[in-house]
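Written out below as structure tokens is the structure these notes cover.
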Amino acid sequence: MERFIDCINPATGEIFDKVAAPTTGAIDEAFQKAREVLGPWSQTPLEDRKAIIRRFADIVLADLDSLAVILTRETGKPIQQARNEIRNADKRIRFFLDIADRFLTEEVVYEDEKIEESIAYEPLGVVVNISAWNYPYNVGYNVFIPALVAGNVVLYKPSELALHTGLKFEEMWQRAGLPPHVFTTLPGDGITGAYLSAHVPADGYFFTGSYATGMKILSAVRERTVPVQLELGGKDPAYVTDDVSDVGQAAVALADGAFYNCGQSCCSVERIYVHASIYEAFLQHFVEEVKSYKMGDPMDESTYIGPLTRAAQLEVLETHVADALAQGARLLAGGRRIARPGNWFEPTVLADCHHSMRVMREESFGPIIGIMPVKDDEEAIALMNDTSYGLTAAVYGGDRARAERIFSRLNTGTVYFNACDRVSPYVPWSGRGHSGMGLTLSHLGLRAFTKTKSRHILKK
Ligand code: NAD
């Protein structure tokens, strides 16, 4: 039976389109077609595959302005940030194209007069990518670009909150000359995702989204013993040490890390620990910065904070604020939902937080931050590790060696010194604990879309 998904503009609450979700029959057919084209695509010479992917990248850049408008309309991401995302994501494509020959070519790892032993890297096959809405270009490219470079065929399910971007991907792949059915967008919601994981016997499942959904997918696919990767949420901490060279600069950088994209990044700064000796100074700079942010129409070039993408998150934020205030937090900015159509919440700063508050322990995924003073590095390390997540952690300070000592004791996939909320194609993106399983990006994130074949070739 045909179902339609409402596409709602988060800035206004208006339904601007209805998209037909694929029926189970259509999903099965897409998988069948994907299987049929796997052989020819995986045997297409790497140079030819790369040429098509390069054309896709060029098409995206040529259409950047109109694609940014589509993204802003469906997610509420401020237009400048939408353009930034698309422009930055391009670097990931170029990176994978640059390293493809080196990391996909068979490697001879041992040889003598009698035998040659080598490792070949074969594509996984047909892979399912169930994706998120917060950075559809970045998190989409992390999966489907290396997948296609390595010769896989992709069934891509965009988030129901970014369907038009997902449909654009398929259209642009066609324009780039990708053979039909090598990349298929299935513009559905959670029901579509659940069907894909429970009933489509793919050769790999790559998911970006929440821990709760990740667990459902994992249990649906695990008995198939194929690769499963989960890029999940975070509760990313930052620690500002007493020897930081410029408290104001650290405050400005961390405010950006917490509030960029309305705080809806998996690696957004979600909690900040500040050495007690600089705590009040830090708060003053931080609040001043947050109060300077321009909030408003995301299509406006000067807007920094737009609406939340998901209406349901407003309630989570209200709960986090109420819980923190009831337990003694100091509200320094914001704190409330804004009464206008759409999903608006004031940029919110909570000081004097502690770890029985939800804002310090559960992913907020919105424009809200909890800040807490600490007496020394030991206390900061214990608090930073006091979470089920393990995506990123940042230290702002004047002594790299001190930061390195802290890093060696943090259980996260990524650490930052005097930086935060950033992703680079050159290094793996990986979460520990409830932040995920497996990795994307870097040369390892290309190899993640291959299976090895060990070759023992007797010479005589
Ligand atoms: P979500 O889990 O609600 O949805 C993610 C995707 O799963 C969507 O496409 C959705 O349709 C689909 N889905 C929903 N129910 C499903 C089911 N039962 N079976 C299969 N698929 C299903 O997450 P979201 O709100 O889209 O994304 C926000 C979350 O993603 C946050 O927790 C954020 O931290 C995380 N995230 C992580 C990374 C990372 O790289 N680690 C990147 C971006 C976002």
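Along the sequence shown, the residues carry numbers beginning at 1.
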- Can you measure from CG (Asp421) to OG1 (Thr414) and round to the nearest 0.5 angstrom? 11.5 Å

- Which of these, Thr241, Val240, Leu383, sits in a side chain to side chain contact (heavy atoms under 4.5 Å, CB included) with Val374? Leu383

- Query: Please walk me through it: do Ile371 and Cys353 pass side chain to side chain contact (heavy atoms under 4.5 Å, CB included)?
  - Reply: CA-CA 6 Å; Ile371 310 180; Cys353 292; 5.9 Å; no

- Message: Using side-chain heavy atoms (C-beta onward) and a distance below 4.5 Å, is Glu170 in contact with Arg175?
- Response: no

- Quick one: do the Asp236 and Tyr389 side chains pair a donor with an acceptor below 3.5 Å? no

- Step through it carefully: locate the ring centre of Tyr304, locate the ring centre of Phe259, and say whether they are under 6.0 Å apart. no

- Message: Please determine whether a side-chain nitrogen of the Lys or Arg among Arg224 and Asp203 lies less than 4.0 Å from a carboxylate oxygen of the Asp or Glu.
- Response: no

- Any side-chain donor-acceptor pair under 3.5 Å between Glu74 and Thr165? yes

- Give the C-alpha distance, both sets of side-chain angles, the deciding distance and a yes or no for side chain to side chain donor-acceptor pair (under 3.5 Å) between Gln229 and Thr440. CA-CA 9 Å; Gln229 288 207 172; Thr440 53; 5.7 Å; no

- Message: With a 6.0 Å cut-off (strictly less than), is the heavy-atom count around CD of Glu280, excluding the residue itself, greater than 12?
- Response: yes

- Any chance the rings of Phe96 and His443 have centres within less than 6.0 Å? no

- Are Glu289 and His285 side-chain neighbours, meaning at least one heavy-atom pair lies under 4.5 Å? no

- Message: The test is side chain to side chain donor-acceptor pair (under 3.5 Å); show your working for Tyr205 and Ser197 and say whether it passes.
- Response: CA-CA 8 Å; Tyr205 298 83; Ser197 35; over 6 Å; no

- Message: Salt bridge or not between Lys157 and Asp189? Use side-chain N to carboxylate O under 4.0 Å.
- Response: no

- Query: Which is it for Ser131 and Asn129 under the side chain to side chain donor-acceptor pair (under 3.5 Å) test, yes or no, and what are the steps along the way?
  - Reply: CA-CA 6 Å; Ser131 201; Asn129 179 200; 4.5 Å; no

- Query: Between atom CG of Asn138 and atom OG1 of Thr208, what is the distance when rounded to the nearest 0.5 Å?
  - Reply: 10.5 Å

- Spell out, as yes or no, whether a donor-acceptor pair under 3.5 Å connects the side chain of Thr348 to the backbone of Ile368. no

- Query: Should the heavy atoms of other residues, nucleotides or ligands under 6.0 Å from CD of Glu223 be counted, would the total exceed 12?
  - Reply: no

- Backbone N/O of Asn261 and side chain of Gln264: donor-acceptor pair under 3.5 Å: yes

- Item | Residue pair Arg310 / Asn343, side-chain donor-acceptor N/O under 3.5 Å | no

- Ignoring hydrogens and geometry, is there a side-chain-to-backbone donor-acceptor pair from Asn385 to Asn411 under 3.5 Å? yes

- Message: Whether the side chain of Arg432 engages the backbone of Gly390 through a donor-acceptor N/O pair (distance < 3.5 Å, no angle test) should be reported.
- Response: no

- Message: Any carboxylate oxygen within less than 4.0 angstrom of a Lys/Arg side-chain nitrogen, looking at Asp242 and Arg402?
- Response: yes

- Item | Pair Tyr426-Ser442, side-chain donor/acceptor within less than 3.5 Å | no

- Would a distance-only check, ignoring hydrogens and angles, find a side-chain to backbone donor-acceptor pair under 3.5 Å from Glu270 to Phe365? yes

- Task: Could you give me the CA-CA distance, side-chain angles and deciding distance for Lys291 and Glu346, then say whether salt bridge (Lys or Arg N to Asp or Glu O under 4.0 Å) is met?
- Result: CA-CA 10 Å; Lys291 287 192 169 160; Glu346 294 172 340; over 6 Å; no

- Message: So does Glu315 get a backbone contact from the side chain of His320, meaning a donor-acceptor N/O pair under 3.5 Å?
- Response: no

- Message: Strictly below 4.0 Å, N to O, side chains only: are Arg94 and Asp58 in salt-bridge contact?
- Response: yes

- Message: Glu318 and side chain to side chain donor-acceptor pair (under 3.5 Å): which single residue from Arg337, Arg336, Gln313 fits?
- Response: Arg337

- Above 12 or not: heavy atoms from other molecules or residues under 6.0 Å from CD of Glu288? no

- Query: When rounded to the nearest 0.5 angstrom, what is the spacing between CE in Met372 and OH in Tyr273?
  - Reply: 6.5 Å

- Note on the structure: Output for pair (Tyr137 OH, Asn84 CG), nearest 0.5 Å, gives 13.5 Å

- Item | His275/Tyr396 aromatic ring centres below 6.0 Å | no

- Determine whether more than 12 heavy atoms belonging to other residues, nucleotides or ligands lie under 6.0 Å from atom CZ of Arg54. yes

- Query: So does Gln249 have more than 12 non-hydrogen atoms from other groups sitting under 6.0 Å from CD?
  - Reply: no

- Message: Once rounded to the nearest 0.5 Å, what's the spacing between atom CG of Leu71 and atom OG of Ser66?
- Response: 11.5 Å

- Message: Quick check on Arg222: does its CZ atom have over 12 non-hydrogen neighbours (other residues, nucleotides or ligands) under 6.0 Å away?
- Response: no

- Message: Quick one: does any side-chain atom of Thr185 pair with a main-chain N or O of Gly166 as donor and acceptor, under 3.5 Å?
- Response: yes

- Message: Please tell me whether Phe206 and Phe144 form a close aromatic pair, meaning their ring centres lie under 6.0 Å apart.
- Response: no

- Message: Would you say CZ of Arg340 has more than 12 non-hydrogen atoms from neighbouring residues, nucleotides or ligands within 6.0 angstrom?
- Response: yes

- Counting only N and O atoms by type, is there a donor-acceptor contact under 3.5 Å from the side chain of Asn418 to the main-chain atoms of Gly397? yes

- Item | Thr303 (side chain) donor-acceptor with Pro298 (main chain) under 3.5 angstrom | no

- Task: Start with the C-alpha gap between His164 and Val19, add the side-chain angles, then the distance that decides, and say whether side chain to side chain contact (heavy atoms under 4.5 Å, CB included) holds.
- Result: CA-CA 9 Å; His164 287 78; Val19 170; 3.9 Å; yes

- Side-chain donor or acceptor of Asn9 paired with backbone N/O of Phe16 under 3.5 Å: no

- Query: Charged N to carboxylate O under 4.0 angstrom, Asp63 versus Lys168?
  - Reply: no

- Item | Electrostatic pair Glu85:Lys77 at N-O distance under 4.0 angstrom | yes

- Item | Gap between atom CZ of Arg405 and atom CG of Leu410 - 0.5 Å precision | 13.0 Å

- Query: Less than 4.5 Å apart, any side-chain heavy atom of Met295 and any of Pro347?
  - Reply: yes

- Item | Salt-bridge contact Arg409-Glu378 (side-chain N to carboxylate O under 4.0 Å) | yes

- Task: Could you please spell out the steps behind the salt bridge (Lys or Arg N to Asp or Glu O under 4.0 Å) verdict for Lys235 and Glu363?
- Result: CA-CA 5 Å; Lys235 188 68 192 169; Glu363 191 177 42; over 6 Å; no

- Pair Arg358 + Asp323: basic N to acidic O under 4.0 Å: no

- Message: Does the plane of the ring in Tyr141 sit parallel, tilted or perpendicular to the ring in Phe169? Use 30° and 60° as the thresholds.
- Response: tilted

- Just checking, any donor-acceptor pair under 3.5 angstrom between side chains of Tyr211 and His434? yes

- Query: Going through the checks in order, is the side chain to side chain contact (heavy atoms under 4.5 Å, CB included) test met by Arg330 and Leu350?
  - Reply: CA-CA 6 Å; Arg330 200 166 21 129; Leu350 292 158; over 6 Å; no

- Query: Does any non-hydrogen side-chain atom of Val127 lie less than 4.5 Å from one of Leu155?
  - Reply: no

